[in-house]
Every structure is written in structure tokens, then in C-alpha cells.
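Quick notes on the structure that follows.
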Amino acid sequence: MLYKINKDVIFREEMGDLLMLSPKTKKLLIFNKNVANSIDYNNNTIDYNNDEIINVLKREGII
Amino acid sequence: MKNNYISAPINVTMKFTNACNLRCLHCHSKSGESKLNMSKETAFNIIKQLRENKVFGINISGGEPLLYPYFFDVVEYMNKLGIRVTVSTNAVLITDEIAKRMVENQIKGVQVSLDGCNEEIHDKIRNVKGCFKKTLNGIELLKKYNIPIMLVTVISNQTVEEYSNIIDFAYKIGAKAHKTNAMLPIGNAKENMNLVEDKFLSKYIEIWKQKRNKYSGKMEIKGEMGFLMQVGLEYYHSKKNPNILNVGCPAGITTCAILENGDIVPCSFCVDTVCGNLKKNNFKDIWDNSEIFKKIRERNFDVCNKCEYNKYCGGCRVRALYKGNLYGEDSYCWKLK
Ligand code: SF4
Ligand code: SF4
């Protein structure tokens, strides 16, 4: 599924990991390569199907 | 990880002022002697650059940050840009109004320095009579507004005697964490290094381990990174996730500090190692191209470069510089003792 990433989320990729700062809790979240690969940096979207991860992203106000 | 290089630091410490209301014996800034404030315009410009480079967090330090005339202006701006903000303060100046504004501006945590749980020792080290009571009052106000508190103690011959009590005290007052900083040979501390002798080190480690077990799951007991032994060893042996964050000394790798005059230095204690100035160059340029940052990231330091723990430790550059060579050995290296 394709989700839009909130505009205030700070995120970047380092060494294949995806680092994101939750705008809600201000926690720094580190995701592995799979999640990083699903990001479209030009459109700020994430295309991902793992429910567990998507729930975390929703809970933290990222998508 | 290629040369320990990431595109921007995870966290940056920003010192907006050198003014301070205390005169601590271990102060790494010699704060209070001059009263240099960063202009509001420069501060906003730097914060904007940090956001553009996707820095996740800024810790506002000092001097005493609450003496900075634009303190809440910069906090509001950081917050607006979605940056995680924490503050290091002696808590003496915290009023109900200030604590309330801190919570309104989503300050995620406040580090409060405490060197003893009684007036006598804390006031002696902080060099101002009556500051213990005021600090406790500040802590109470932070608690009233549910702002997470981390107590910080600078460990020395004097404070190691109190270390155990301070941790118990931290738990009693509901702190989320207790952290120790090493007394490093910079600023006022340079003239007071008689407070640091090797003999307290084993006592410190013993207490740290004991308390860490006692408060496991209840309060975080952060060991002194500058003493490195636990950090290096634990990561080395666990090898759980040897990622970019587990690099031992983070200076110039996952962090750096910006001083009130716009200088960029590798960490908030490396104040004599200037890698560039933000009034002349932009942040990204300095982060990518400073020769000092590049060399620090190579981690080809004397002694460390032959050490199996190098990747997870790397020694402390402040102490190496004190002995005359920024890229030399760390005089406190636990392995060499
Ligand atoms: S030699 Fe350097 S890397 Fe090794 S333990 Fe000592 S300080 Fe750490
Ligand atoms: S140089 Fe490294 S170990 Fe030393 S104080 Fe700075 S961050 Fe800590």
C-alpha cells in the first residue's frame, strides 16, 4: 500500500537503514533496509505492506 | 560503515550563550566570565540549516541556556521545524512560568546537573552558596509539569563519594535517568584536575554496575562514555547491532557542537578543536569537508588503531588533546591501566 509521509517528519537513509523522527513522540526510529527501500524520496511516500510496521508508523504520526 | 561517515549528525549540541549564574569548578566552558550571546538571526539561520540537513535533535546547552535572551524564540523555532529539543541547565532559574512554557513548547527532556544530594558538597562544587536549594526547586517545577528529567553528575574525587546517594536520590525524585560526565581537562576544569585521580575509577565502576542492576527497568543509569570501558566492551561482546549509532566516541560522527560564536567543534567538550565557523561557511560544507572531522572519522589514532575495540570505543579526543595530540592516545584508556 502506498502511504503519504507527513510533511513535518524528519527522515533520512544512512547505510541502508531508515532513520525517522516521530513528530508525535519525538522518538528516533530506526528501520532496516526493507523499509528504507520502500521509500520514494521525491514524493515523500512509503510503499509497504507489513501491518506491524505500518501500525508503528501510524501510531508515531509518521503516515 | 565507510569511514564512520553519515550525511549529518543525529544530534547537535548548541550553546547560544556563555553567560552563567554559577561558577562550577569543572565547567568546560569557563562560563560566566564573558557574556557572549549568539544573535537571534544567526541562531535561526543555523537551526534552519540543521533542519535542512535533517538533524533530528538539538540539545541546548551553555553557559546557562535560560540566561539567553532568545531562549524561547529558538525553542519555538526548533519545535516548529519538527526538531527534538532537550535542554541542559542547572535549573536554578526555572520558575513556574518557565516550566510551563517548556512543556508548551514540547521540550522532550531536561538534563539537570547535580553534584551532591546535600547543600554542602553541591554548593562547594558549583561555587555559589544556596544553589542546591534553588536547583531542587527547579526540579520540583519540572516534575509538576511532567517534563522528563535526567540528573547529570560530573564525576571526580569529590563526587564519587556521593555517587551512590545521588543515584538513589535521582530515583526518589522521579528522574527518568541518571548520567555521569567525566571531568575533562578543559575550561575551569583544567586548573582543577587534581580532583581527578585514577583511584576513583574502580570505585565509580563498581557503583555504576551495582546501581544499574538495582534500577534495571526503573531508571536508566548511563555510564560515562568518556571512560569508555563499558561501552566498548559491551558492544564488542554483544555485537548485537553494530550500526552507525554504536561507535563509542560519537564526536564528529553522530554528533557535533556549535558554540555561541558560531564555531563548530566535534563535541560539546572538544571546545578547543574548531572545525569551522558558521558565520563563514555553511553547515554541510564544514561537516563534509573539515579536515579534522575527516581525520576523526578515520579513527586512526595512536594506540587505538591497534586495538580490537577501536570501532566501538575510539578513546576520548578531549583527553588526547590535553596530552598534546588530538589524534593521540586517551590517557584514561581502561585497557592501558
Ligand atoms: S586503545 Fe583506544 S579504542 Fe582501545 S580501549 Fe583504549 S581508548 Fe578504547
Ligand atoms: S571526545 Fe568523544 S568521548 Fe570525549 S567527551 Fe567528546 S564525545 Fe565524549
Side-chain angles (χ1 to χ4, degrees), chain A, chain B residues 1-12 47-60 75-87 102-103 105-110 146-148 176 220 240-247 250 253-255 283-284 287-288 297 311:
Chain A
M1 270 266 281
L2 193 67
Y3 300 90
K4 188 94 193 142
I5 296 169
N6 267 342
K7 63 173 178 18
D8 349 302
V9 175
I10 308 182
F11 65 101
R12 59 174 142 117
E13 205 180 310
E14 299 286 354
M15 321 292 159
D17 284 345
L18 178 69
L19 278 60
M20 289 182 146
L21 188 75
S22 155
K24 219 179 193 172
T25 59
K26 296 278 164 74
K27 271 189 209 149
L28 181 65
L29 307 161
I30 304 178
F31 299 98
N32 68 17
K33 280 190 177 54
N34 296 339
V35 187
N37 289 340
S38 66
I39 293 252
D40 176 345
Y41 284 89
N42 293 325
N43 296 312
N44 276 12
T45 52
I46 182 164
D47 192 356
Y48 212 66
N49 287 324
N50 179 325
D51 283 349
E52 216 176 303
I53 303 264
I54 293 301
N55 283 341
V56 172
L57 295 176
K58 281 186 181 160
R59 190 189 68 209
E60 295 293 334
I62 287 170
I63 52 174
Chain B
M1 175 184 10
K2 194 172 171 274
N3 284 343
N4 281 341
Y5 178 71
I6 57 172
S7 63
I10 307 284
N11 276 297
V12 170
I47 296 163
K48 186 161 166 266
Q49 288 188 53
L50 295 180
R51 175 62 177 87
E52 282 163 0
N53 284 285
K54 305 187 175 184
V55 167
F56 297 102
I58 296 178
N59 180 49
I60 307 179
V75 169
E76 272 169 32
Y77 189 52
M78 290 173 191
N79 198 18
K80 189 174 140 213
L81 298 183
I83 296 170
R84 179 194 157 92
V85 189
T86 52
V87 179
M102 281 181 164
V103 85
N105 281 288
Q106 289 191 40
I107 286 184
K108 293 310 281 187
V110 175
N146 287 325
I147 302 174
K176 293 270 179 263
E220 203 183 341
K240 262 186 245 145
N241 182 19
N243 65 15
I244 47 169
L245 300 174
N246 297 344
V247 290
I253 300 173
T254 58
T255 191
F283 180 80
K284 184 66 177 157
W287 180 256
D288 286 346
R297 289 167 195 149
K311 189 174 171 192

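The figures here come from the full heavy-atom set of this structure, side chains too, leaving out hydrogens, waters and symmetry mates. Lettering follows sequence order; numbering is per chain, from 1.
Once rounded to the nearest 0.5 Å, the distance linking CG of A/Leu19 with CD1 of B/Ile10 reads 5.0 Å. One finds the NZ atom of A/Lys27 at 15.5 Å from the CZ atom of B/Phe56 (value rounded to the nearest 0.5 Å). With rounding to the nearest 0.5 Å, the separation of CD in B/Gln106 from NZ in A/Lys24 is 12.0 Å.
Within the 4.5 Å cutoff, side-chain heavy atoms of A/Arg12 are placed close to those of B/Ile6. Looking only at side-chain heavy atoms (C-beta outward), A/Lys26 and B/Asn79 come within less than 4.5 Å of each other.
Proximity to chain A is limited to the backbone of B/Asn53, based on heavy atoms less than 4.5 angstrom apart. If you measure heavy-atom distances from A/Thr25 to chain B, the contacts under 4.5 Å come from the backbone alone. Residue B/Lys108 touches chain A through its side chain alone, counting heavy-atom pairs closer than 4.5 Å. Heavy-atom distances place the backbone of B/Leu81, and not its side chain, under 4.5 Å from chain A.
In terms of heavy-atom proximity, B/Val55 sits nearest to A/Ile10 at O-CD1, 3.6 Å.
Atom NZ of A/Lys7 has 12 or fewer heavy atoms from other residues, nucleotides or ligands within 6.0 Å. With a 6.0 Å radius and a threshold of 12 heavy atoms from other residues, nucleotides or ligands, B/Lys284 has its NZ atom above the threshold.
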